[in-house]
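Below is one structure, written out as structure tokens, with a few remarks after it.
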Amino acid sequence: FPAGSDCSCNMTNSRCDESGICRCDPGWEGEHCDRCVLMPGCVHGSCQQPWQCTCEPGWGGRFCDKDLSVCSNQQPCRNGATCAMKDSGDFTCLCPQGYHGHLCQRKSGPCHQIRSPCKNGGLCEDADGFAADLTCRCLAGFTGSFCETDIDDCLLKPCANDAICLDGINRFSCICPSGFTGRFCTVNLDDCASQPCLNGGRCLDLAGGFRCICQLGYMGNTCEMSLSSPNWTTKGEKGKGKRSSNITQHGNRLMKVTVSDRGIASLSDIQLIVVVVLGGVTLVAVALTSGLVLWGRCQNCSYTAAKMPRLLSPRPLPPAPLGGTPRPAERRSLSSMSWVFPGASIQ
């Protein structure tokens, strides 16, 4: 030690540095390094050497955490069972006939007497043996009295867009149609990513497909057909007949003439009844209108016939001069007599 230094360290368990402070060896602690370190986890114990755990009276076990008086003080065993201590410090219960369990708390009921009938991992329960009948507590995905039925996870139709649902054990999977992805087939794939439209056509992504808007002079699903051919005939949509087209060139512009021959759709029963009723109403209206027109004309004819004798009477000629010769008009025959009508000039 340095001259004049006063070092009180336990030289067996430590050393003294130049300033007189004790430096403990591993497993020792304290100001003078005279106290051993207990084993980690030791509860009711002490040590003489480092890392020891010597139990106090009434305690046992590796960490001195077992109450050796549990059988006498607490009496944990039930239903008349006998409590006994083990060398490890634990206790055990010696159950009477008809009981079992760690504390003999369970009666030998249906689940203990026979092999558990619960399937697919179901847990047999009989109220600790005191129930007359057993029940099965099923795992997720199963149902039934004995957990024998697999629940169909596709009943709620979780897959979208007409995807195929495959049932599993407490799970399902979806087989997506073309153009969709995701767990539920709800994600629409970009069908235009592969650039399917040709000859400069513009692609529009749709749900489960795409559509091409072609440049002038091209046609087809992917704009693959050129309109340089003068004539062609294409099959129209179902129920819409045949469509014929002709391409002619006028100057520098293309003219397309399309003639569509559409079939006549058949009428339903309700539509036929409506047409018949409307036709009958139309005929009645036409008949009434014609009758009114004829009646009006007959009234006008009666009025005109009453006035005709006065209008058709001959116009008298002025008297001849005295002592003179008869007027030329007097020598005219009756057949050449002038008839005066209203609004007409005299001949």
Side-chain angles (χ1 to χ4, degrees), residues 9-14 22-151 168-171:
C9 298
N10 188 337
M11 301 306 299
T12 304
N13 307 324
S14 63
C22 297
R23 303 297 180 181
C24 301
D25 293 338
W28 296 91
E29 62 184 0
E31 182 179 359
H32 302 288
C33 303
D34 55 355
R35 188 170 65 250
C36 60
V37 178
L38 290 172
M39 181 178 66
C42 186
V43 180
H44 300 284
S46 60
C47 64
Q48 298 297 326
Q49 295 294 327
W51 323 122
Q52 287 182 346
C53 187
T54 304
C55 297
E56 299 173 359
W59 296 94
R62 181 181 179 185
F63 301 102
C64 301
D65 57 346
K66 308 296 183 182
D67 187 3
L68 299 180
S69 61
V70 62
C71 288
S72 58
N73 296 336
Q74 300 181 13
Q75 298 180 355
C77 300
R78 298 163 60 180
N79 296 313
T82 302
C83 181
M85 296 301 302
K86 297 181 180 179
D87 295 338
S88 61
D90 294 323
F91 70 93
T92 182
C93 294
L94 304 177
C95 302
Q97 186 177 4
Y99 294 91
H100 66 284
H102 177 62
L103 302 177
C104 302
Q105 78 280 9
R106 303 187 64 181
K107 186 179 180 181
S108 299
C111 290
H112 182 75
Q113 294 175 1
I114 60 176
R115 185 177 179 180
S116 174
C118 303
K119 300 179 180 180
N120 298 310
L123 179 63
C124 183
E125 295 180 338
D126 57 1
D128 291 337
F130 292 92
D133 299 319
L134 59 87
T135 57
C136 293
R137 186 168 64 183
C138 305
L139 295 177
F142 295 95
T143 186
S145 301
F146 303 103
C147 309
E148 73 280 4
T149 304
D150 177 23
I151 297 177
I169 298 177
N170 196 30
R171 62 183 301 272

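Keep in mind that this is a model prediction, so the values were computed, not measured. Note that the numbering runs from 1 along the sequence shown for the chain. Values reported hereafter were calculated over all heavy atoms of this structure, with side chains retained and with hydrogens, waters and symmetry mates removed.
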So, the side chain of D65 versus the backbone of V43: is there a donor-acceptor pair under 3.5 Å, distance only? no
N79 vs R106 side-chain heavy atoms within contact, under 4.5 Å: no
Do any N or O atoms from the side chain of S14 and from the backbone of C24 form a donor-acceptor pair under 3.5 angstrom? no
Q48 side chain near C36 side chain, heavy-atom distance below 4.5 Å: no
Taking the side chain as every heavy atom from C-beta outward, state whether L38 and Q52 have any atom pair closer than 4.5 Å. no
S145 and C136 have their tightest heavy-atom pair at O-CB, 3.6 Å
Taking atom OG1 of T12 and atom CG of D25, what is their separation to the nearest 0.5 Å? 9.0 Å
Any ion pair linking D128 and K107 (charged N to carboxylate O, less than 4.0 Å)? no
Could you grab the distance from atom CD of E29 to atom SG of C22, nearest 0.5 Å is fine? 14.0 Å
Cys pair C47, C53: SG separation below 2.5 Å: no
Closest non-hydrogen atom pair between M39 and R62, with its separation: CE-O, 3.5 Å
CD1/I169: more than 12 non-hydrogen atoms of other groups inside 6.0 Å: no
Closest non-hydrogen atoms of G58 and D67, given as atom of the first, atom of the second and distance, are O-OD1, 3.5 Å
Does a sphere of radius 6.0 Å around CD in E31 hold more than 12 heavy atoms from other residues, nucleotides or ligands, not counting ones at 6.0 Å or beyond? no
For a quick test of reading the model, state the closest non-hydrogen atom pair linking E148 to N120 and the distance between them. CA-ND2, 3.9 Å
Answer whether the closest heavy-atom distance between the side chains of P50 and W28 falls below 4.5 Å. yes
To the nearest 0.5 angstrom, please state how far the CG atom of N13 sits from the CD atom of Q49. 8.0 Å
Please examine the side chains of F91 and C93, heavy atoms only from C-beta on, and report whether any two atoms are closer than 4.5 Å. yes
Please find the pair of heavy atoms, one from C111 and one from L134, that lie closest to each other, and give the distance. SG-CB, 3.8 Å
Please report the C-alpha distance between M85 and V70 in whole Å, then the side-chain angles of each, then the deciding distance to 0.1 Å, and finally whether the side-chain contact (heavy atoms from CB on, under 4.5 Å) criterion is met. CA-CA 9 Å; M85 296 301 302; V70 62; 3.8 Å; yes
Is the closest side-chain heavy-atom distance between E125 and L123 below 4.5 Å? yes
Atom CG in D150, atom CZ in F142: separation rounded to 0.5 Å? 5.0 Å
Any chance the SG atoms on C95 and C104 come in under 2.5 Å? yes
Below 2.5 Å, is that where the SG pair of C33 and C9 sits? no
Check for me whether the distance between the ring centres of H112 and Y99 falls short of 6.0 Å. no
Closest non-hydrogen atoms of C64 and T54, given as atom of the first, atom of the second and distance, are SG-C, 3.8 Å
To the closest 0.5 Å, what do you measure between SG (C55) and NE2 (H44)? 9.5 Å
Atom CZ in R115, atom SG in C124: separation rounded to 0.5 Å? 12.5 Å
C77/C71 sulfur atoms closer than 2.5 Å: no
Tell me whether D133 at atom CG has more than 12 heavy atoms from other residues, nucleotides or ligands lying less than 6.0 Å away. no
